[in-house]
There are 2 protein chains.
Amino acid sequence: MVQNKSIIFLKHPTEFPVVGEHFEVQTKELNVTLAPSDVLVKNLFISLDPYMRGRMRNTDKSYTAGFQLGHVLNGGGVSEVIESKNDAFPVGTIVTGFVGWEQFSHVPGAQGLRALPNARTSPIPLSAYIGVLGMPGMTASLKIIGQPKKGETIFISAAAGAVGQLVGQMAKQQGLRVIGSVGRDDKVDYLINELKFDAAFNYKKGNILENLKSLAPEGIDIYYENVGGETLEAALEVMNTHGRVIACGMISQYNTQTPYGIRNLTHVVGKRITIRGFIVSDFAAECGADFARDVGSWLVKGEIIYKEDITEGIENAPDAFIGMLNGRNFGKAVVKIADL
Amino acid sequence: MVQNKSIIFLKHPTEFPVVGEHFEVQTKELNVTLAPSDVLVKNLFISLDPYMRGRMRNTDKSYTAGFQLGHVLNGGGVSEVIESKNDAFPVGTIVTGFVGWEQFSHVPGAQGLRALPNARTSPIPLSAYIGVLGMPGMTASLKIIGQPKKGETIFISAAAGAVGQLVGQMAKQQGLRVIGSVGRDDKVDYLINELKFDAAFNYKKGNILENLKSLAPEGIDIYYENVGGETLEAALEVMNTHGRVIACGMISQYNTQTPYGIRNLTHVVGKRITIRGFIVSDFAAECGADFARDVGSWLVKGEIIYKEDITEGIENAPDAFIGMLNGRNFGKAVVKIADL
Ligand SMILES: NC(=O)c1ccc[n+]([C@@H]2O[C@H](COP(=O)([O-])OP(=O)(O)OC[C@H]3O[C@@H](n4cnc5c(N)ncnc54)[C@H](OP(=O)(O)O)[C@@H]3O)[C@@H](O)[C@H]2O)c1
Ligand SMILES: NC(=O)c1ccc[n+]([C@@H]2O[C@H](COP(=O)([O-])OP(=O)(O)OC[C@H]3O[C@@H](n4cnc5c(N)ncnc54)[C@H](OP(=O)(O)O)[C@@H]3O)[C@@H](O)[C@H]2O)c1
């Protein structure tokens, strides 16, 4: 019989999740009977994303449904259909969509899967469909929120990550001055040398506000907010009149029970700042087609590059997930489960 | 000789200003020679506004220029021209604009003054031109920021104040459910009984978050933010998806050196909240005419009411200003300096 290794959710973490305590690997026999419209997929890549930490909280208030205790974790993936009762997804189809953190997933009604017809022949690696061409890429490409104007200065936190690295490059394309913060010196080098950021700093070295003041003496017009906490406070301090905060995420607050209090929100009034939170899925219908066309063509032409952090083996997904939460990843965090 | 009593700025306060330490009354002989285009006005009413506390800070970063040490404080007022070398402002003209906190002001070039041609005959009291028909009224009438939709719930802090009382009534006109917070029980009664708010509470009694939860079980869609701090934190907690915070002011943070840290800004992402700060003067050109027409007609028809808190005598302005900062005022705080 075929075995199916999977990652099971055990307990709601309140701080950083711990392998063995909050999730663990389990192996069961694959024993699936497909109903009409169902498919069985072999998972090739799964995506590790910060929002999944939100789904681990013990609350019904996260914007996506919480993970169920005792069940397989799930998220975005790229997979191959290996058994099918669905004409739209014949055996051999490469798909992307929601699958389990497991080797094989039974997807009733092929719900939430999207076929990638050219994936086998395209020069674009399959993992890109959960990265630069997937949810993080679309997140980065949403221009409606910040309304960037040529010549403005944008500051991006978690700037070497899945979203940040793309935001920075797109901002350069749009003629902005781009400053990034990251938690490691090799990431600083990457921003400056590979991604051509105008400036970058390691937020773990020295004072964030002083770093920002010296790298953005003219102030910042847009803050692409990925981390929250002290970085947000510093960004508000150096923000210019009519500045915008694109509130994409606040990862520094996800794994703590003692959140950081932001003390300088009075700047929001005096400087007429707009802070706007968003969830990428709200824009899928409106912006999805443009995104796929634009970013796809930039990729093929080499006008945008990206870095991935690939962990091999489903059994290593929990540890890689924790690594992504604390900055061990360098680029978009994915787990490679199998070859095509 | 005519004497001119005025309020002189002595020292930058770091917490609540103190009469005698930060400002004081001084009397000097009025000794004015008008140049061409100048006017001399007799001040009738001056406005006491929270933003003036910002102008007392020792910084060049406030959005309005700071007050100068050793000089007369200034702000909005209603005055009568008593000497004139300016044909547009003949003696007897009633004007509104920027004047000193003093009995008589010499206004070079009549700079910043606006004539109120019908003021002597209109049923509208003169003080209204610095209140419901002035800067606070226009602030309250800006609908562009919050984009209210009929049936939504709005929460307004400092709800019995100059701005808050008008925001609440306009929100009722627009079909919103209106909840207010204030610092005294007589203000709670006023909101419910006179202004017809749907609910109101005293933020000094009980827990703000619990009060909000019980008065807005359906959550709030718009928060009209006048006070900041703990109230803002509570509002974010009960805010609905796609909620908007109209960041008008944060008065709880103006007189302290230990600002309150807001710990739950992660809601901004998960609930897709927009927080937008604004300064009313940015909208004067765009919205001024509509505002004057609409609010003027509502006033005359009795569709909007307002409460003023009038202190008599320029010498009492400093104490009344402090009273406005700490909630002793009940309604728009003005100082009556002289009869017409
Ligand atoms: N709103 C949306 O629809 C949406 C969609 C996708 C992502 N997001 C958000 O966007 C952000 C980035 O996501 P991503 O997928 O691109 O992840 P990522 O940046 O690839 O990985 C997370 C990174 O966060 C940084 N980090 C972790 N803890 C931190 C802390 N305490 N302070 C500062 N930085 C910290 C680490 O990099 P360093 O080495 O630099 O510390 C880590 O590599 C997250 O906040 C996520 O929730 C939002
Ligand atoms: N953005 C703009 O263009 C603009 C224009 C005008 C006004 N504003 C802002 O709007 C707000 C209201 O101004 P206003 O002219 O209408 O003043 P107001 O409400 O008439 O007077 C200030 C009121 O603030 C309340 N307050 C004082 N300290 C407080 C605290 N620690 N916590 C909670 N409430 C407190 C007091 O009422 P309680 O008895 O309820 O405590 C006090 O009566 C201020 O924040 C002001 O800066 C902004």
Side-chain angles (χ1 to χ4, degrees), chain A residues 50-51 53-55 57 59 61-64 139 145 219 225-230 232-233 236-283, chain B residues 50-51 53-55 57 59 61-64 139 145 219 225-230 232-233 236-283:
Chain A
Y51 80 87
R53 179 61 186 79
R55 298 184 64 197
R57 282 191 301 153
T59 165
K61 284 198 188 144
S62 186
Y63 58 88
T64 39
T139 302
I145 309 268
E225 162 67 306
N226 285 319
V227 314
E230 194 184 342
L232 172 55
E233 204 171 65
L236 292 173
E237 208 57 39
V238 300
M239 188 147 257
N240 292 329
T241 301
H242 293 120
R244 288 85 73 199
V245 177
I246 307 175
C248 176
M250 302 195 185
I251 196 168
S252 74
Q253 307 299 299
Y254 297 173
N255 298 289
T256 176
Q257 290 191 280
T258 49
Y260 186 95
I262 305 290
R263 293 162 298 183
N264 60 353
L265 283 173
T266 50
H267 286 316
V268 169
V269 183
K271 299 185 186 180
R272 303 99 150 138
I273 293 170
T274 299
I275 304 180
R276 181 165 168 197
F278 73 99
I279 299 295
V280 60
S281 49
D282 290 349
F283 295 92
Chain B
Y51 79 86
R53 178 61 185 81
R55 298 184 64 196
R57 282 190 302 153
T59 165
K61 284 198 191 148
S62 184
Y63 58 87
T64 39
T139 302
I145 310 267
E225 162 66 307
N226 284 321
V227 314
E230 194 185 342
L232 172 55
E233 204 171 66
L236 291 173
E237 209 56 40
V238 300
M239 188 146 257
N240 291 329
T241 301
H242 293 120
R244 288 85 72 198
V245 177
I246 307 175
C248 176
M250 302 195 184
I251 196 169
S252 74
Q253 307 300 299
Y254 297 173
N255 297 290
T256 175
Q257 290 191 281
T258 50
Y260 186 95
I262 306 292
R263 293 161 299 183
N264 59 354
L265 283 173
T266 49
H267 285 316
V268 168
V269 182
K271 298 185 186 180
R272 302 98 150 142
I273 292 170
T274 298
I275 305 180
R276 181 166 167 195
F278 74 98
I279 299 297
V280 60
S281 49
D282 291 349
F283 295 92

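Note that these values count all heavy atoms, side chains included, but never hydrogens, waters or copies made by symmetry. Order of the sequence lines sets the chain letters (A, B, ...), proteins ahead of strands, with each chain counted from 1.
Looking at B/V269, B/N264, B/T266, B/L265 one by one, the single match for side-chain contact (heavy atoms from CB on, under 4.5 Å) with A/Q253 turns out to be B/T266. The side-chain contact (heavy atoms from CB on, under 4.5 Å) test with B/I275 singles out one residue from A/I275, A/I273, A/V245, and that residue is A/I275.
Across all non-hydrogen atoms, the minimal contact from A/R263 to B/P259 is O-CB, 3.4 Å. Annotation for B/A247 and A/V268: closest pair CB-CG1, 3.9 Å, computed over non-hydrogen atoms.
The most heavy-atom pairs under 4.5 Å with chain A, out of B/G228, B/G277, B/C248, come from B/G277. If you tally non-hydrogen atom pairs under 4.5 Å between each of B/H242, B/E225, B/R276, B/E233 and chain A, the highest count goes to B/R276.
For the atom pair B/D282 CG and A/T241 OG1, the distance stands at 9.0 Å (nearest 0.5 Å).
If you measure heavy-atom distances from B/I262 to chain A, the contacts under 4.5 Å come from both the backbone and the side chain.
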